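Quick notes on the structure that follows.
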Amino acid sequence: MRVLVTGATGQVGSEIVRLLEERAESRVRGRLEVVAAGREVMDLTSRDSVVSAICAAEPDVVFHPGAWTSVDACEAEPDRAFLVNALGTRHVAEGARLVSAHVVYFSTDYVFDGASPRPYNEWDATNPLSVYGRSKLAGESELDPGSTIVRTSWVVGTQGHNMAKTVLKAAREREGPLRVVEDQRGSPTEASDLAAKAVSLGLSRRPGLFHVTNQGDTTWYGFARAVLRAAGLDEARVEPIATSELDPPRAAPRPANSVLDNAALRLSGEQLLPHWESSVARLVRALQ
Ligand SMILES: NC(=O)c1ccc[n+]([C@@H]2O[C@H](COP(=O)([O-])OP(=O)(O)OC[C@H]3O[C@@H](n4cnc5c(N)ncnc54)[C@H](OP(=O)(O)O)[C@@H]3O)[C@@H](O)[C@H]2O)c1
């Protein structure tokens, strides 16, 4: 089996590549081959680049976490957001169709508006508040029926930028209180936990939409406290603020509640991901 991964340098892509390469090594040589397609070999904005890279690799499965994920920057450049996240996904779907590859697309909790008082399941109506959320939802609509869609939230891992690293850096470099928003609720999701479930769904060519997050939920304030606690630092330094108090204010509105009920996994009897707190504690140890 040959597997191609887009966005292979990102938080999620790099974990998928790592996991698949570990599996490839533990198998009989040549039975699982991994093509880590970074931007230099596959530019999502170019139909030619994407289609020719996929046709050259002839993968059985394409994992597609590649995306423009700068949520606030997307507000100022909606064309670029839709070019990478929506049209780029059309290019991936076209290339995959030509070689009969199964596609696993990664989407976001930001497809919801956050007005619901309860967690969102896979059948709840979407209503993205931001350009990023709209462009990722548009990407979902580009996929052939039978593809896998993995919606996740609040990803943190060892690679790339994320809130766990931001909190640790701020705690070490700054004096005084760390002010973190308390009016956004979601489920932090550790990248290697997410990658393991996505790989399992993808290699079995499981069709349909799945919410895949670590279990439990919190606010960014609760998350920041947990990160400092796990690092053995003083969590009392974290002070809660409202999103409206952020200075400077963020360009993109965020949903107040974007907790994802992993209903499709749960109702299928699939094992759910661990609680976010244990996975984030493991991540913090790895980051230290
Ligand atoms: N991070 C989160 O909290 C979160 C939450 C919900 C859903 N998701 C979704 O999960 C997926 C993975 O997120 P992530 O955190 O791993 O994102 P990430 O760390 O920002 O990685 C994105 C990857 O896409 C690549 N990329 C961007 N533009 C490209 C282009 N034009 N051509 C080719 N590659 C391009 C990036 O390459 P460069 O390094 O060269 O820019 C990078 O490798 C995304 O689809 C995202 O929408 C993420």
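What's counted below: heavy atoms across the whole structure, side chains too, no hydrogens, waters or symmetry copies. Counting starts at 1 for both ligands and their atoms, in listed order. Positions are given from 1, in the same order as the sequence printed here. Please read these numbers as outputs of a predicted model, since none were measured by experiment.
Among protein heavy atoms, atom 28 (N) of ligand 1 sits closest to Arg39 NH2, 3.4 Å. When only non-hydrogen protein atoms are considered, atom 33 (C) of ligand 1 lies nearest to Met42 O, 3.3 Å. The closest protein non-hydrogen atom to atom 16 (O) of ligand 1 is Val12 N, 2.8 Å. The protein heavy atom nearest to atom 32 (N) of ligand 1 is Leu44 N, 2.9 Å. Distance from atom 14 (P) of ligand 1 to its nearest protein heavy atom, with residue and atom name: Gln11 CB, 4.0 Å. Scanning all protein heavy atoms for the shortest distance to atom 25 (C) of ligand 1 gives Gly7 CA, 3.9 Å. Asp43 OD1, 3.1 Å is the protein heavy atom nearest to atom 31 (N) of ligand 1. For atom 39 (O) of ligand 1, the closest heavy atom belonging to the protein is Thr9 OG1, 3.1 Å.
Residues Glu94 and Arg47 are paired through a salt bridge, judged by an N-O separation under 4.0 Å between the basic side chain and the carboxylate.
Every atom of ligand 1 with a heavy atom of Phe106 under 4.0 Å away is listed here by number and element: 10 (O), 11 (C), 45 (O). Residue Trp154 approaches ligand 1 through these ligand atoms, each under 4.0 Å from one of its heavy atoms: 3 (O), 5 (C). Listed by number with element, the atoms of ligand 1 under 4.0 Å from a non-hydrogen atom of Thr45 are 31 (N). Annotation for ligand 1: atoms under 4.0 Å from non-hydrogen atoms of Ser107 are 6 (C), 7 (C). Atoms of ligand 1 lying under 4.0 Å from any heavy atom of Gly66, numbered from 1 in the order shown and given with element: 24 (O).
Within the structure, salt bridge (charged side-chain N to carboxylate O under 4.0 Å, His left out) contacts touching residues 110-128 (residues at least two apart or in different chains) are Arg118-Asp124. Within the structure, every pair that satisfies the ring pair (Phe, Tyr, Trp, His ring centres under 6.0 Å) test and touches residues 57-79, not counting sequence neighbours, is listed here: His64-Tyr105.
Where the criterion is an N or O separation shorter than 3.5 Å, residue side chain and backbone included, Thr69 meets it with respect to ligand 1. Not one N or O of His64 is nearer than 3.5 Å to an N or O of ligand 1, by distance alone. Distances between N or O atoms of Thr152 and those of ligand 1 include no value under 3.5 Å. Taking distance alone, with nitrogen or oxygen atoms compared against 3.5 Å, Gly10 approaches ligand 1 more closely than that limit. Where the criterion is an N or O separation shorter than 3.5 Å, residue side chain and backbone included, Ser153 fails it with respect to ligand 1.
Minimum heavy-atom separation, Val212 to Asn262: CA-OD1, 3.7 Å. Here the shortest heavy-atom pairing between Gln159 and Lys165 reads C-NZ, 3.6 Å. Of all non-hydrogen atoms in Pro240 and Glu182, the two that sit nearest each other are CB-OE1, 3.5 Å.
With Phe63, Tyr105, Tyr132 as candidates, the residue nearest to atom 9 (C) of ligand 1 on a non-hydrogen basis is Tyr132. Between atom 26 (N) of ligand 1 and the options Ser49, Gly13, Ala67, the minimum heavy-atom separation is to Ala67. Checking Pro65, Ser70, Gly88 against atom 11 (C) of ligand 1, the nearest heavy atom belongs to Pro65.
Between the side chains of Ser279 and Asp193, at least one donor-acceptor pair of N or O atoms lies under 3.5 Å. The closest side-chain donor-acceptor pair between Thr166 and His161, if any, does not fall under 3.5 angstrom.
At least one donor-acceptor pair under 3.5 Å links the side chain of Arg237 to the backbone N or O of Gly176. Gln215 places a side-chain N or O within 3.5 Å of a backbone atom of Thr213 that can act as its donor or acceptor partner. Ser49 places a side-chain N or O within donor-acceptor distance of the main-chain N or O of Asp43, the cut-off being under 3.5 Å.
Heavy atoms from both the backbone and the side chain of Thr108 come within less than 4.0 Å of ligand 1. With a heavy-atom cut-off of 4.0 Å, Ala191 does not touch ligand 1 at all. By the criterion of a heavy-atom distance under 4.0 Å, neither the backbone nor the side chain of His161 is placed next to ligand 1. The residue Tyr110 has no part lying near ligand 1, judged by heavy-atom distances below 4.0 Å.
Applying the side chain to side chain donor-acceptor pair (under 3.5 Å) test between Asp183 and each of Asn257, Thr219, Thr243 identifies Thr243 as the sole match. Residue Ser107 is tested with Lys136, His211, Glu140 for a side chain to side chain donor-acceptor pair (under 3.5 Å); the sole match is Glu140.
Transitive grouping of hydrophobic side chains (ILVMFWY, heavy atoms separated by less than 4.5 Å) brings Val17 and Val104 into a common cluster.
Proximity of the aromatic rings of Trp276 and Trp154 is defined here by a centroid distance below 6.0 angstrom, and this criterion is not met.
Using 4.0 Å as the threshold, Gly160 has no heavy atom nearer than that to any atom of ligand 1.
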